Amino acid sequence: MAREPFSGHLDLLLLAALQTPRHGYGVIEYVRRASGGRFDYPEGTVYPALHRLEAEGLLRSRWRTIEGRRRRVYELTARGKRALAGQRTDWERFTTSVTAVLEQP
Amino acid sequence: VTTPYERLLDELSVTLRGPRRARQRLLDEIGEDLKDAVQAECAAGLGPDAAEALVAARFGSPTAIARLWNRNQALRRRAMQRNMLVLLTALAMAGALAITQYASGKNAKAVSRAAAGTGDPPVFIPWNTVGDIALGGSRARVEREYGSVGHGFHVLRRYGNNVQGYYGLHGSRVILTFYGDRVGELIFSTPYYRTKDGFGVGSKIPLGPCHRTATYRCEHRWHGFVWNEWIREKPCNCWTKVGLGKRSLPLTTTNFEKPWFFIYMRHARVDSFYFALKFVD
């Protein structure tokens, strides 16, 4: 389990957002929309994180022409998919544990 | 007049560190995505200037973004340096190991070659030296080059201070008898050893003319050797020479302490050689 689950979940959210290939702005929009506006990261913080995840081999990217414009599109690698599954499991265990403690009388 | 959007990219471009190509890619990527963001705000009802200002503000501080980026680049560079160090260390270790293995392999080859005899020269000096083994030569020297008992020298028998055994050399056995610390007997049947004229196992020795003697009507001679002496009550089918003179001494017990040389023949060709410091029956 991550030592800082609340502050360290950006990677999990980015990996989850990229289960469908997206460009950087698309990732930001997806996370903002899917979280009901709760996770509204400064856009600038997302790009370094995407580049880092790519350098770690969890993502791959390439330029694509979308509606006449070049966009850098990211997608999960096989390693990224395994990492997402692992982080998801950790997160579910964490929330289950926290919920269990909260529900104690 | 620069817009907030352009100022953001300019500021970012001067604060980013790392490879130029990676920096340019990030700036291109952000530039395109920011256009999307501005268009989205315009579509939501903002004017272009207000949309750009809003997007630039939402993007965050270029300095903070650059710090994050630069930290990642530094971590990546350090990881690459660490990997390079590990790689270089591994290569150095592999190199050292290879050198050690090469050296030990070379050494093993040398030992093996010595044991196999491929290290000894294909030299035959009548009637004294075969390879690097000389009749009457030092046993220690032979053992150093060809191997000692249990290390290439296979013992056949021991009698008194003598040890007879063989080296497996050139697909055959080179048999030696050490008389104490000297090479006392030498027997070989490999064609590997030749004189500088090419004489050796497999060579023909002509019988030549008859020489009438008190003992024989027809005695054939060749370089001091005598053909087909009787040994142990029968003709030996060999050339024999006793002593180091030009002609062979008689094969009698009085000459047993002299050097004896035998050239065994088979189908008129040399089959093997036997040299001894003295005759041992």
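Treat the numbers as computed from the prediction; the structure is a model and nothing was measured. All values below were derived from every heavy atom in this structure, side-chain atoms included, with hydrogens, water molecules and symmetry-related copies excluded. Chain naming here is simple, since letters A, B, ... match the order of the sequence lines and numbering starts at 1 in each.
The neighbour count for B:R141 CZ, taken as heavy atoms of other residues, nucleotides or ligands under 6.0 Å away, does not exceed 12.
Counting all heavy atoms, side chain and backbone alike, A:T45 lies closest to B:I65 at N-CD1, 3.6 Å. Counting all heavy atoms, side chain and backbone alike, B:N72 lies closest to A:P48 at ND2-O, 3.4 Å.
Counting only heavy atoms from C-beta outward, the side chains of A:H23 and B:D36 approach each other to under 4.5 Å.
For B:A66, no part lies near chain A; criterion is any non-hydrogen pair under 4.5 Å. Only the side chain of B:L34 comes within contact range of chain A, with at least one heavy atom under 4.5 Å from a heavy atom of that chain. Residue B:R76 touches chain A through its side chain alone, counting heavy-atom pairs closer than 4.5 Å. Within the 4.5 angstrom heavy-atom criterion, only side-chain atoms of A:E54, from C-beta onward, approach chain B. Looking at B:N70, neither its backbone nor its side chain comes within 4.5 Å of chain A, counting heavy atoms on both sides.
Taking a cutoff of 4.0 Å between a charged side-chain nitrogen and a carboxylate oxygen, B:D33 and A:R71 qualify as a salt bridge.
Counting heavy-atom pairs under 4.5 Å between each of A:G44, A:A49, A:S61 and chain B puts A:G44 at the top. Counting heavy-atom pairs closer than 4.5 Å to chain A, the top residue among B:E32, B:R25, B:E29, B:R71 is B:R25.
Here A:Y47 contributes atom OH and B:L12 contributes atom CG; the two are 11.0 Å apart, rounded to the nearest 0.5 Å. To the nearest 0.5 angstrom, A:R72 atom CZ is 11.0 Å from B:L26 atom CG.
Scanning residues 24-38 of chain A against chain B with a 4.5 Å heavy-atom cutoff picks out A:G24, A:Y25, A:R32, ordered by number.
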